Student: 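Take a look at this one; I'll ask things after.
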2 protein chains.
Amino acid sequence: MNDPDFSRCIRDAGGRVTAARLAVLRCLAAAEEPLTPDEVLEHLTQTPGHVPDRVTIYRAIDWLSAHGLVRRLATVGRAARYEPVEDREAHAHFQCRRCGQTRCLPAPSPPLPALPPGYVAERVELVIHGLCAACRAGENA
Amino acid sequence: MNDPDFSRCIRDAGGRVTAARLAVLRCLAAAEEPLTPDEVLEHLTQTPGHVPDRVTIYRAIDWLSAHGLVRRLATVGRAARYEPVEDREAHAHFQCRRCGQTRCLPAPSPPLPALPPGYVAERVELVIHGLCAACRAGENA
DNA sequence: GGAGTTTTTGCCATTTTATTGCATTTTTAC
DNA sequence: GTAAAAATGCAATAAAATGGCAAAAACTCC
Ligand SMILES: [Mn+2]
Ligand SMILES: [Mn+2]
Ligand SMILES: [Zn+2]
Ligand SMILES: [Zn+2]
């Protein structure tokens, strides 16, 4: 995804194309892992270009999330993590219980369980908990 | 699960059997849904018997979690949610995007996706996002 | 059952993460 | 370029969780 695409996504969603939204969306798309709002700020701080206020990042993420351009993952950590929706396949995530790392996994869409009457499913999320390679190696360190 | 069982679980895990741990464990086991620490406090407040301090509830939950008697779920909300481990089958959870309700679903264990080398899976969690019956009905309210 | 030891608790302060209010700035439509 | 609407920055505030420490409770051993 290149920048013209991002601008277009934002405009198509009915919002104004602003430096903050573009920066956040670009940052999340460039990241290999889902990021927290503070991690987004950190990345943008270390990158040439406009660095929005932390609150603006929160609001940009909220807007992008409300308009289906990014999604918030279910996490065990304290901070929310977001990833771009893009046109990728649905995929699972791994969460390390020791270091908190969250990474994307290639994974088949799991089957949807039966829901109670009246309930509507919109998304299925698969989270694998465990130890990452580094943490497993150094667990007794 | 009755109280002697709870006491025994705690003792077997190598901890002291305290009013707070018993109350928290009993509360989570009696609840039909996973609860946040504050919800646990609320329940205990509305129940005859000892009401521990909020911080004590956090610490009791942490201890129970560290010793495998309760588990923390991956959630999209801000507060953590816990449920008793007990001897139930692994099951999925539904999360309503409007009211935040989190409820247990009967569901088959999804297949474990392939992990990167060195990674170890310890638990698989399936989260269904959508609208609950009440929120679906009143979405335009 | 009571003294001694260790663990746990309650309270207060603090941290982390996120939200709100409002004046100023930016974006967009014309 | 101007005007209207939307987004931003900054300060204040809220929500959720954690840390320090003295007092209280649980356990062990007799
Ligand atoms: Mn991902
Ligand atoms: Mn459950
Ligand atoms: Zn790790
Ligand atoms: Zn609902």
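Protein chains get the first letters and strands the later ones, always in sequence-line order, with residue 1 at the start of each. All values reported here derive from a predicted model rather than from experimental measurement.
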Student: Between atom CG in B:L22 and atom P in C:dT8, what is the gap in whole Å?
Tutor: 13 Å
Student: So with a 6.0 Å cut-off around CZ of B:R54, is the heavy-atom count from everything else above 12?
Tutor: no
Student: For the pair made of CZ in B:R81 and C1' in D:dA16, what is the distance, rounded to whole Å?
Tutor: 13 Å
Student: Minimum heavy-atom separation for A:I10 to A:R16, with atom names?
Tutor: CG2-O, 3.4 Å
Student: Starting from P on C:dT16, measure out to CG on A:L41 and report it in whole angstrom.
Tutor: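 A:L41 atom CG is separated from C:dT16 atom P by 15 Å.
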Student: Verify the cluster assignment for B:I57 and B:V70: are they in a single hydrophobic cluster under the rule of side-chain heavy atoms below 4.5 Å apart?
Tutor: yes
Student: Contacts to DNA chain C from residues 55-67 of chain B, heavy-atom cutoff under 4.0 Å, which residues?
Tutor: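 DNA chain C contact set from residues 55-67 of chain B: B:V55, B:T56, B:R59.
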Student: Looking only at the side chain of B:A79 (C-beta and beyond, no hydrogens), which of the listed nucleotides D:dA15, D:dA17, D:dG9 gets closest?
Tutor: D:dA17
Student: Taking the side chain from B:R81 and the backbone from B:P34, do they hold a donor-acceptor pair closer than 3.5 Å?
Tutor: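 Yes, B:R81 side chain to B:P34 backbone: donor-acceptor pair under 3.5 Å.
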Student: Kindly indicate whether the side chain of B:R78 and the base of D:dA15 share any N or O donor-acceptor pair separated by less than 3.5 Å?
Tutor: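 Between D:dA15 and B:R78, which were checked side chain against base, a qualifying N/O pair under 3.5 Å is present.
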Student: Distance-only, no hydrogens or angles: does the B:E39 side chain make a donor-acceptor pair with backbone N or O of B:T36 under 3.5 Å?
Tutor: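 Yes, B:E39 side chain to B:T36 backbone: donor-acceptor pair under 3.5 Å.
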Student: Please report the distance, rounded to the nearest Å, between CG in B:D38 and C1' in D:dA17.
Tutor: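 One finds 10 Å between C1' of D:dA17 and CG of B:D38, rounded.
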Student: Would you say a side-chain N or O of A:H50 is under 4.0 Å from OP1 or OP2 of C:dT25?
Tutor: no
Student: Where do N or O atoms of nucleotides 24-30 of chain D meet protein N or O atoms at under 3.5 Å, pair by pair?
Tutor:
from   : atom 1 : to    : atom 2 : distance (Å)
D:dA26 : N3     : B:R16 : NH1    : 2.8
D:dC27 : OP1    : B:V17 : N      : 2.7

Student: Please determine whether a side-chain nitrogen or oxygen atom of B:R21 lies at a distance below 4.0 Å from atom OP1 or OP2 of C:dT8.
Tutor: yes
Student: Do the side chain of B:T45 and the main chain of B:L41 share a donor and acceptor less than 3.5 angstrom apart?
Tutor: yes
Student: Over 60° means perpendicular and under 30° means parallel, so classify the ring planes of A:H91 and A:H93, tilted if in between.
Tutor: perpendicular
Student: Using the side-chain heavy atoms of B:A20, tell me which of these nucleotides is nearest: C:dT9, C:dT8, D:dG9.
Tutor: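 Within the option list, the nearest is C:dT9.
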Student: Expressed as a whole number of angstroms, how long is the span from B:E39:CD to D:dA15:P?
Tutor: 15 Å
Student: In whole angstrom, what separates A:R54's CZ from D:dC10's P?
Tutor: 12 Å
Student: Of B:R72, B:R71, B:R103, which is the lone residue that meets salt bridge (charged side-chain N to carboxylate O under 4.0 Å, His left out) with B:E83?
Tutor: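 Single salt bridge (charged side-chain N to carboxylate O under 4.0 Å, His left out) partner of B:E83 among B:R72, B:R71, B:R103: B:R71.
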Student: May I have the distance from A:D53 (atom CG) to C:dT25 (atom C1'), rounded to whole angstrom?
Tutor: 14 Å
Student: Just grab all the ring pair (Phe, Tyr, Trp, His ring centres under 6.0 Å) pairs involving residues 33-54 of chain A, residues at least two apart or on different chains.
Tutor: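 Those involving residues 33-54 of chain A do not exist here.
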Student: D:dA7 P sits how many Å from A:L25 CG, rounded?
Tutor: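 Going from A:L25 (CG) to D:dA7 (P), I get 15 Å.
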